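Each remark here refers to the structure printed beneath this line.
Here is how names work: the chains are called A, B, and so on, in the same order as the sequence lines, proteins then strands, and each is numbered from 1. A quick note: this is a predicted structure, and the numbers were derived from the prediction, not measured.
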Number of protein chains: 2
Amino acid sequence: MAASTLTEVARLAGVSPATASRVLNGSARKPGKDIAERVRQAADSLGYIPNAQAQGLAKSSSGLIGLIVHDIADPYFAAIARGVQEAAREQRRMVLLATTGGAPGEEKEAVAAFAARRADSIVIAGSRSSRAEDGDDNAELAAELDRYCRNGGQVAVVGHPVVGAAAPEGYHVVSVPNQELAADLAVELAAGWEGDFVIIGGPEGLFTSDDRIRGFQEGLSRAGRGPAEVLRNSFNRSGGYDAGLKLAARIKAGGTGEGGRPAGNGLGIFAVNDVMAIGAAAALRAEGLRIPRDARIAGFDDIETLRDFRPALSTVSLPLEEIGRLATRATAPPTADGDEQDSAPLPVTGRVMLRRSTEATD
Amino acid sequence: MAASTLTEVARLAGVSPATASRVLNGSARKPGKDIAERVRQAADSLGYIPNAQAQGLAKSSSGLIGLIVHDIADPYFAAIARGVQEAAREQRRMVLLATTGGAPGEEKEAVAAFAARRADSIVIAGSRSSRAEDGDDNAELAAELDRYCRNGGQVAVVGHPVVGAAAPEGYHVVSVPNQELAADLAVELAAGWEGDFVIIGGPEGLFTSDDRIRGFQEGLSRAGRGPAEVLRNSFNRSGGYDAGLKLAARIKAGGTGEGGRPAGNGLGIFAVNDVMAIGAAAALRAEGLRIPRDARIAGFDDIETLRDFRPALSTVSLPLEEIGRLATRATAPPTADGDEQDSAPLPVTGRVMLRRSTEATD
DNA sequence: CCTGATTGGGAAAGCGCATTCCCACTTGTT
DNA sequence: AACAAGTGGGAATGCGCTTTCCCAATCAGG
C-alpha cells in the first residue's frame, strides 16, 4: 500500500529529508522553530504515515514481539497473551501472533518467520516435550532459536527451556514451580481425608505434565500416603474426558482400580491442568455421577473461565497474565535507568485454591 | 538483529544479488542449474534468513494482517482470532494483534500503527457504538480507515460498519444477523410458555446490543407477547451480574418489576451475550436461586467455554471462527483462479440452541 | 577585526531487497 | 555464413528511511 513519504513532506516543507526526520522523530540535532513548524504542517497536510518497514531497515530494530502459543482460544494461552500484549504496549511494540498446536516443527517455522521479520524478541508459551517423536523437531527448533539469539534476538520461554537449546546470551526462561505447587496441593487435599487418589496426566515426556505428576506424588508421600495411579491422556479437555469415563466406570463398579474401595467420599482425582479436570468432570456428570459426592476433582492453572464452573474447582492458581508480562519484560532492551535484565530464572509463584469440588459432603 | 544478507550469499556463490534472488525466490528468468545449486549451498552454509522488512519495502507488500479485538482473553474474540489465524496461515501471512478495550480512540491508534507497518489488511472485531461520548473518536477512526483504504489497504469489519466510514473500495463488512436471530430465539422461548421476559442489554447506542434487543422484542411481538422490560448494563460479565442481582431481588420479592407475578416457571431472562448471561446466572445463584427453576436464562454467541457451563445455556449459536475466517478472506487479494471478492455483505448465519437453562421444570 | 567554538541544514551513504534493462552468448532458420 | 530470436547474468535503480559528516553561518572572546 502506498502513502506519502518523508521525502514528499521534506519537499513540501522546503527542507532536506534529514531535517524532516529530525523534526518528526526527534534528534540530538534540533531544527529551528520555523523549520520545525513548516515540517509539521507539511506532514499534517499530506497525511504522512511513516513506513515502519523502512524505519526498521534503517534502524535495525523492528519494534515487533513474536508470540508463539498452542491455541489462542485456549483460556490458558489467551490469558498469557493478554499479559504479553500489555507489556508489549508499555514498550511501544506490536505483537505478532503464531499458533502452532504445540508441535515443535510448527514452532520452528514460526521462529523462522519472526526472524525474517526481524522481530526484536520472541515469547514462547506452551509445554515442552521430550518424546522421541519430537526429537528431530526439537533439535531444529533449538538450532533455530540459537541462531536467532546469536543474531541479537531475545527469547523468553515459559516453563521449561526448549529441549536442546544452548541457552545463549538473550535466552530467558520464566520458570513455573509446577512441582512444588502440585506437592502443596496434594498435601492439602490429603489432609483429613483418607480416600484414594488418581492422577490424570498428559502424555509421558510432556514436561509440564510430568512435573505436576511428580510433585503431586511427592506431596502424597509427604502426607504419608502411597503413590497415586497415573492415567496418561491427551493434554486437553478431550483427554480429561476419556480418563473421566474410565474412572466413572470404576466408581460405578465399586472399585478404584489398584487399591481397595474408595474410603469416605470416593475418589480424589487430580488432573494436571484445568481443562482436563473440566473434561473429566463432564465425563463423570455424563455417567450420572456427582462432584464432590462421588469423586473429588482438582485441576491446575486457575484459568479465568473457571470462575463460572460448577462445582467450584479446586486448583493451583497461576498468575497467567503476569507470566506473560514477565516473559515480555525479560526480553526488553536495558532501559536508561539501568534496570537489571539477566538470564536467571524469573520468580513466579502460585497458590493452592481449595474449592467446592474437593470439599467434604456429609 | 543482524543476520547474513542476500548480498553475502551472492558474493559467496560468485553471482550477482539479482541472480541469488531469482534462485531463492523464483522468477520468470530461470538461472542455470549449476548457478542455482551454488546459490542454494551458499545460503545454507551462511544460514541465510531473508529480511522480510526489506522484501516488503522492495515489493510494496508486507504480508501482515492487523487484527483488532477488545480483549484477546474474552472467549468471543479468542474464537474469532483463531479463525483469523487459520485464514491468515492459508494466505501465508502473519497476524499483528492489537487489543483496544473497545474504545474507538484506541482502535484508531491501532489502525494507524498497522498502516505504519504497511499491513496489507486489517480485520476489526467488536461492537460498534453510536454513543455521543464516542462521537469524536468514531469520526477519527473512520477517517483513519478511509485513508488506509485509499492508500490501498483492505479492511473487514465484523458486524457493523464503523460509524462514519465512507465504505470506500476495499472496505468489507461481515454482517451478523443479530436482529433476526434474536427474534427467532424469542419466538422459540415464548412458545408454550406464559412467563414474563426481561432483557439484559448493553449500554444504549451499542449496535450489537441494540440489534439483539430490537430483534428479541420483534420476536415477542410475533409470538403475540407484549414487549419485555430492558435493563441496561455494561456489555460484559460484570454488567450481567449487576442486572442479575436486581432481578434476583425482584424474584425473591415475588414481583417482576412492571408486570404481574411470574407465571409458571418464573422469569425469562434474555441477556444479549453469553458472558452477560453467565454473570446474571452467577448472581442468581449467589442469591440462592436456581436456573431454570426460579428463572430461565438465555444468552447469545455460543462461546466455546459454554460447553462446560451448567445448567446448559440456551443461546444463539454464531460460527465465531468462521466469522474470523470470512473476514480475513474478504480482504485477500484476488487469486489467479478469478475468485470474486466484492464489498457486498457476506452471509453469516446462526442457530437457536435451546438447552437446559430454559427448559420446563415440573 | 580576527579567530575559534558551536550550531544547524543538507548531501551522501547505506540498511537489504526486487525488478528492469542492457549485453553477451547460444541456437535455429534461411 | 549471416541474421534473428531466445535465454541468462549482471549493473543500475529505487523502495523509504536514518545517520554521519561536511560546510556555512553565527556568536563570543581576545
Side-chain angles (χ1 to χ4, degrees), chain A residues 1-40 42-43 46-64 113 115-120 151-152, chain B residues 1-40 42-43 46-64 113 115-120 151-152:
Chain A
M1 56 165 293
S4 50
T5 63
L6 187 77
T7 307
E8 288 163 0
V9 172
R11 190 182 305 127
L12 183 61
V15 300
S16 77
T19 300
S21 180
R22 290 179 184 123
V23 170
L24 297 176
N25 299 314
S27 173
R29 171 151 304 180
K30 304 297 182 196
K33 276 203 0 200
D34 290 347
I35 289 181
E37 186 54 34
R38 279 200 338 256
V39 169
R40 289 203 185 92
L46 286 174
Y48 170 65
I49 304 170
N51 183 322
Q53 294 183 89
Q55 288 182 328
L57 194 52
K59 289 199 296 191
S60 295
S61 169
S62 70
L64 293 170
R117 292 192 180 276
R118 302 307 191 259
D120 297 328
N151 287 334
Chain B
M1 56 166 294
S4 50
T5 64
L6 186 78
T7 308
E8 286 162 3
V9 172
R11 193 182 304 126
L12 184 61
V15 300
S16 76
T19 301
S21 178
R22 289 182 185 119
V23 170
L24 297 176
N25 300 312
S27 171
R29 170 152 305 179
K30 303 295 179 193
K33 273 195 14 187
D34 290 346
I35 287 179
E37 186 55 33
R38 275 197 342 254
V39 170
R40 287 200 187 94
L46 286 175
Y48 171 65
I49 305 170
N51 184 322
Q53 293 182 90
Q55 289 181 328
L57 194 53
K59 287 198 297 189
S60 295
S61 171
S62 70
L64 293 170
R117 291 192 180 276
R118 303 304 192 263
D120 297 327
N151 288 334

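Residues meeting the side chain to side chain donor-acceptor pair (under 3.5 Å) test with B:Ser16, sequence neighbours left out: B:Thr19. With sequence neighbours left out, the side chain to side chain contact (heavy atoms under 4.5 Å, CB included) criterion links A:Ala36 to A:Val23, A:Arg40. The side chain to side chain contact (heavy atoms under 4.5 Å, CB included) test applied to A:Ala113 returns B:Met94, not counting sequence neighbours. Partners of B:Ser62 by side chain to side chain donor-acceptor pair (under 3.5 Å), not counting sequence neighbours: none found. Applying the side chain to side chain contact (heavy atoms under 4.5 Å, CB included) test to A:Leu12 and every residue at least two apart in sequence or in another chain returns A:Ala42, A:Ser45, A:Leu46. Annotation: side chain to side chain donor-acceptor pair (under 3.5 Å) contacts of B:Glu37 (sequence neighbours excluded): B:Gln41.
Looking at every heavy atom in both residues, A:Ala10 comes nearest to A:Ala20 through CB-CB, 3.9 Å. For the pair A:Gly63 and B:Arg117, the tightest heavy-atom approach, listed with the atom from each and the gap, is O-NH2, 3.3 Å. The two atoms that bring A:Leu6 and A:Tyr48 nearest to each other are N-CE1, 3.3 Å, heavy atoms only. Of all non-hydrogen atoms in B:Ala3 and A:Asn151, the two that sit nearest each other are CB-ND2, 3.6 Å. A pairwise comparison of heavy atoms in A:Gly14 and A:Arg38 identifies O-NH2, 3.8 Å as the closest pair.
Look at CG on A:Asn51: it is 13 Å from C1' on D:dT18, rounded to the nearest Å. Following rounding to the nearest Å, B:Arg118 (CZ) and D:dG16 (P) show an atom-to-atom distance of 8 Å. Taking atom CG on A:Leu57 and atom P on D:dC15, their separation rounds to 14 Å, with Å as the unit. Going from atom CG of B:Leu24 over to atom C1' of C:dC17 covers 12 Å, rounded to whole Å. Residue A:Leu46 contributes atom CG, which lies 15 Å from atom C1' of D:dG16 at whole-angstrom precision. Rounded to whole Å, the distance from CZ on B:Arg11 to P on D:dG10 is 14 Å.
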Would you give me the side-chain donor-acceptor pairs under 3.5 Å for residues 49-57 of chain A, sequence neighbours excluded?
{"unit_1": "A:Asn51", "atom_1": "OD1", "unit_2": "A:Gln53", "atom_2": "N", "d": "2.9"}
{"unit_1": "A:Asn51", "atom_1": "OD1", "unit_2": "A:Ala54", "atom_2": "N", "d": "3.1"}

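Between B:Gln53 and the phosphate of C:dG16, there is no side-chain N or O to OP1/OP2 separation shorter than 4.0 Å. Contact between the side-chain N/O atoms of B:Asn25 and the OP1/OP2 oxygens of C:dC17 is not found at any separation under 4.0 Å. Contact annotation: A:Ser16 does not reach the phosphate of C:dA11 (side-chain N/O to OP1 or OP2, under 4.0 Å). Side-chain nitrogen and oxygen atoms of A:Gln55 include none within less than 4.0 Å of the OP1 or OP2 phosphate oxygen of D:dC17. In this model, the phosphate group of D:dC17 is not approached by any side-chain N or O of A:Ser21 to a distance below 4.0 Å at OP1 or OP2.
Residues B:Lys33 and A:Ala54 both approach DNA chain D. Their nearest nucleotides, taken by heavy-atom distance, put B:Lys33 toward the 5′ side. For the pair A:Thr5 and B:Thr19, nearest-nucleotide mapping onto DNA chain D gives the more 5' position to B:Thr19.
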Polar-atom pairs under 3.5 Å, protein N or O versus N or O of nucleotides 12-14 of chain C: list them with distances, or write none.
none

Can you tabulate the close N/O pairs, meaning under 3.5 Å, that link protein atoms to atoms of nucleotides 21-28 of chain C?
{"unit_1": "C:dC21", "atom_1": "N4", "unit_2": "B:Arg29", "atom_2": "NH1", "d": "3.3"}

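Nucleic acid contact for B:Leu6: sugar-phosphate only, since backbone atoms but no base atoms lie under 4.0 Å from a heavy atom of the residue. Among the heavy atoms of the strands lying under 4.0 Å from B:Gly14 are primed sugar atoms or P, OP1, OP2 only; no base atom is included.
Over its length, the helix from C:dC1-D:dG30 to C:dT30-D:dA1 turns its helix axis by 50°, as judged from the five terminal pairs at each end, rounded to 10°.
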